[in-house]
Novice: 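Handing you this structure, nothing more for now.
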Amino acid sequence: MRQFETKVQELKHSVLRETARLAWEDKLTTGVLDIPEKIIPGPEPSTRCCIYKERAIINARVKLAMGGDRSNPNVVEVLNVACDECPVTEISVGPACRGCIATRCVHACPKGAITVVNHKATIDHSQCIVCGKCVAACPYGAIEKHQRPCEKGCPVNAIAMGPDKKAAIDINKCIGCGACTYQCPFGAIMDKSWIVDTIQMLKGSANWGYKVYAVVAPAIAGQFAPASLGQVVAGLKQLGFTAVTEVAQGADMVADHEADELVEKGVLTSSCCPGFVGYVKRHHPEMEKFVSHTPSPMVMIGLHLKEKEPNAKVVFIGPCVAKKTEFQLGRSRNSIDSVLTFEELAALFDSKDIELADLGEEALEDASGYGRGFAASGGVSEAVVQALKEKGSDFEVKAVPCSGIEECKLALLKLGRGLLDGNFVEGMACVGGCIQGPANITRTPKNKQELEAHKKTAQRAVVTEAAAAAGKTEKPKKDKAAAKTKGKDELV
């Protein structure tokens, strides 16, 4: 039986699995309404006030499992019916308040929302703007800011409480990183899924004769334990994928190109993390000129596969929610036909009753250890440095690896003011890198160890040779097709 870190993850898996089963059997139209009762049989509720609310939440999740609201350009959506149990975000005064005569809290409040009544600070919440200045001012730590997990977890402040007291996502701020989907303890925020589209693609390959490639992110190492990576490859082929390629091959190509681009421009930021790129576009547009023009590893390997097989379909599988944004908004340059997460892949395996541990092993197409290292913070920098070394370049790379948006923000601010002690900013939206992405099945320190072990099994030790073996393409240039997607890109 599959193990999950949380009940939310288990619930999400159940919905995806049952939706996928119906899709395989061409019974979605007639069977979709039966999913809530199958998952919540009753008669007693297990997580909410009643089974009817639990089933209503399942219905909302099924909708997202089938692609969600097509009119909403955001990949991440709030399930309003599930978002009602969290306390309202506000600042409150606790019992530690001594009613001191200094009243620093009163003087710190810019709105005059605090008064002292009966020797205790009192907050008028109709005036309070939750700025937190009183929290910092109180010498006793008696004033606390109670914040909803989704708001606290969002690195770009894109989530706020709406008029109905439910979470609301500002799509003009959201970078699609998916942190909120992991942080919400009630599972009231979820990413849209292309699992049904992928199943239709796999079923269609048998009828129409095209090939379907699975390209897996190196963060997959250890995610399906106790099954080995070779058994996961075998499982993917049982699902109907023609072949399984590692995205790390695309990472080798990216390192090769970004090394040349860094030498040419002198100062550069990486472009492999769509969450980071989206952050720059939305929150620091003046810094976009520094972002590498080299596509992400996902796009690079997709372009390579379609160059070999123009009619092929390519499905990216990884731990990243932001990759769905990259795909949906046209940034994948038609190189990718669908994006799945590791969570969704687990649901696919279970929807076909595939026991990975019972399968034989099949080989995964190889890449360099440096390409696989892209999955952890600092890995892109190491690969670029290695690529320049292999090219015989004497260019000195002063890398600034940024683990998480807070570090990215600081590096970009320093770069903009000419204060950054570095010339290559490696931006990762997730703290720790892809190995701690929100759609991993497990998020533990062990993920780093699994990746390091996976890197050591690489047969190719040289980045540029690995890039050439993967099919080194000419350096991407801006073209008319890319220009047509500009309007869509601005939605990120």
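Position 1 is the first residue of the sequence, and the numbers go up from there.
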Novice: Do His454 side-chain atoms and Ala219 backbone N/O form a donor-acceptor pair below 3.5 Å?
Specialist: no

Novice: To the closest 0.5 Å, what do you measure between OG (Ser381) and CD (Glu258)?
Specialist: 9.5 Å

Novice: Among side-chain atoms of Ser296 and Glu326, is any donor-acceptor pair under 3.5 angstrom?
Specialist: yes

Novice: Would you say the side chain of Cys402 lies within less than 4.5 Å of the side chain of Ser377, judging by non-hydrogen atoms?
Specialist: no

Novice: Hey, could you give me the CH2/CG distance between Trp194 and Leu340, rounded to the nearest 0.5 Å?
Specialist: 10.0 Å

Novice: Where the side chain of Asp350 meets the backbone of His13, is there a donor-acceptor pair that is under 3.5 Å apart?
Specialist: no

Novice: Mind checking the SG-NZ spacing from Cys272 to Lys323? Nearest 0.5 Å is all I need.
Specialist: 7.0 Å

Novice: Measure the shortest side-chain to side-chain distance between Tyr182 and Glu5 over non-hydrogen atoms and say whether it is less than 4.5 angstrom.
Specialist: yes

Novice: Please check this pair: side chain of Glu54 against backbone of Ser46, looking for a donor-acceptor N/O pair closer than 3.5 Å.
Specialist: yes

Novice: Could you grab the distance from atom CD1 of Ile57 to atom CE of Met190, nearest 0.5 Å is fine?
Specialist: 12.5 Å

Novice: May I ask you to check whether Thr198 and Ser338 show a side-chain donor-acceptor distance below 3.5 Å?
Specialist: yes

Novice: Does atom CG of Asp421 have more than 12 heavy-atom neighbours from other groups under 6.0 Å away?
Specialist: no

Novice: If only side-chain N and O atoms count, and only distance matters, is there a donor-acceptor pair under 3.5 Å linking His293 with Ser271?
Specialist: no

Novice: Mark yes or no for whether Arg48, through its side chain, and Ala82, through its backbone, hold a donor-acceptor pair below 3.5 Å.
Specialist: yes

Novice: Test Glu77 against Asn72 for side chain to side chain contact (heavy atoms under 4.5 Å, CB included), laying out the working first.
Specialist: CA-CA 8 Å; Glu77 292 187 20; Asn72 183 352; 3.7 Å; yes

Novice: Taking distance alone, no hydrogens or angles, what donor-acceptor pairs closer than 3.5 Å link side-chain atoms of residues 134-145 to residues at least two apart or in another chain?
Specialist:
none

Novice: How close do Ala121 and Val93 get, counting heavy atoms only, and between which atoms?
Specialist: O-CG2, 3.5 Å

Novice: Got more than 12 heavy atoms from elsewhere within 6.0 Å of CZ, Arg443?
Specialist: yes

Novice: Under 3.5 Å, is there a donor-acceptor pair between the side chain of Asp337 and the main chain of Val315?
Specialist: no

Novice: May I ask you to check whether Glu426 and Ser270 show a side-chain donor-acceptor distance below 3.5 Å?
Specialist: no

Novice: Does Lys265, at its NZ atom, have more than 12 non-hydrogen atoms belonging to other residues, nucleotides or ligands within less than 6.0 Å?
Specialist: yes

Novice: Return the minimal non-hydrogen interatomic distance between Lys111 and Gln127, and the atom names on each side.
Specialist: CB-O, 3.7 Å

Novice: Taking everything shown except Lys166 itself, do over 12 heavy atoms lie less than 6.0 Å from its NZ?
Specialist: yes

Novice: Under 3.5 Å, side chain of Gln249 to main-chain N/O of Glu246, donor-acceptor pair present?
Specialist: no

Novice: Has Glu151 got a side-chain atom pairing as donor or acceptor with Asn157's backbone, closer than 3.5 angstrom?
Specialist: no

Novice: Counting only heavy atoms not in His146 (residues, nucleotides, ligands), do more than 12 fall under 6.0 Å from its NE2?
Specialist: yes

Novice: Looking at Pro43 and Ile51, what are the two nearest heavy atoms and their distance?
Specialist: O-CG2, 3.5 Å

Novice: Does NZ belonging to Lys120 count more than 12 external heavy atoms closer than 6.0 Å?
Specialist: yes

Novice: Short question: side chain of Thr442, backbone of Gln223 - any donor-acceptor pair under 3.5 Å?
Specialist: no

Novice: Should the heavy atoms of other residues, nucleotides or ligands under 6.0 Å from OH of Tyr370 be counted, would the total exceed 12?
Specialist: no

Novice: Taking atom CD1 of Ile101 as the centre, does the number of heavy atoms from other residues, nucleotides or ligands within less than 6.0 Å exceed 12?
Specialist: no

Novice: Pair Lys12, Asp191 - check salt bridge (charged side-chain N to carboxylate O under 4.0 Å, His left out), show working.
Specialist: CA-CA 10 Å; Lys12 182 178 183 180; Asp191 50 308; 2.8 Å; yes

Novice: Under a 4.5 Å cut-off applied to non-hydrogen side-chain atoms, are Met66 and Val32 in contact?
Specialist: yes

Novice: Determine whether Val321 and Val76 satisfy the following criterion, side chain to side chain contact (heavy atoms under 4.5 Å, CB included), listing intermediate values before the conclusion.
Specialist: CA-CA 8 Å; Val321 172; Val76 178; 3.9 Å; yes

Novice: Once you round to the nearest 0.5 Å, how far does CE of Met161 lie from SG of Cys83?
Specialist: 10.0 Å

Novice: Could you walk me through whether Lys38 and Glu18 pass the salt bridge (charged side-chain N to carboxylate O under 4.0 Å, His left out) check?
Specialist: CA-CA 9 Å; Lys38 183 171 184 178; Glu18 295 308 317; 3.0 Å; yes

Novice: For side chain to side chain contact (heavy atoms under 4.5 Å, CB included), just list the numbers for Phe424 and Thr269, CA-CA rounded to whole Å, side-chain angles, deciding distance to a tenth of an Å, and then say yes or no.
Specialist: CA-CA 5 Å; Phe424 182 69; Thr269 81; over 6 Å; no

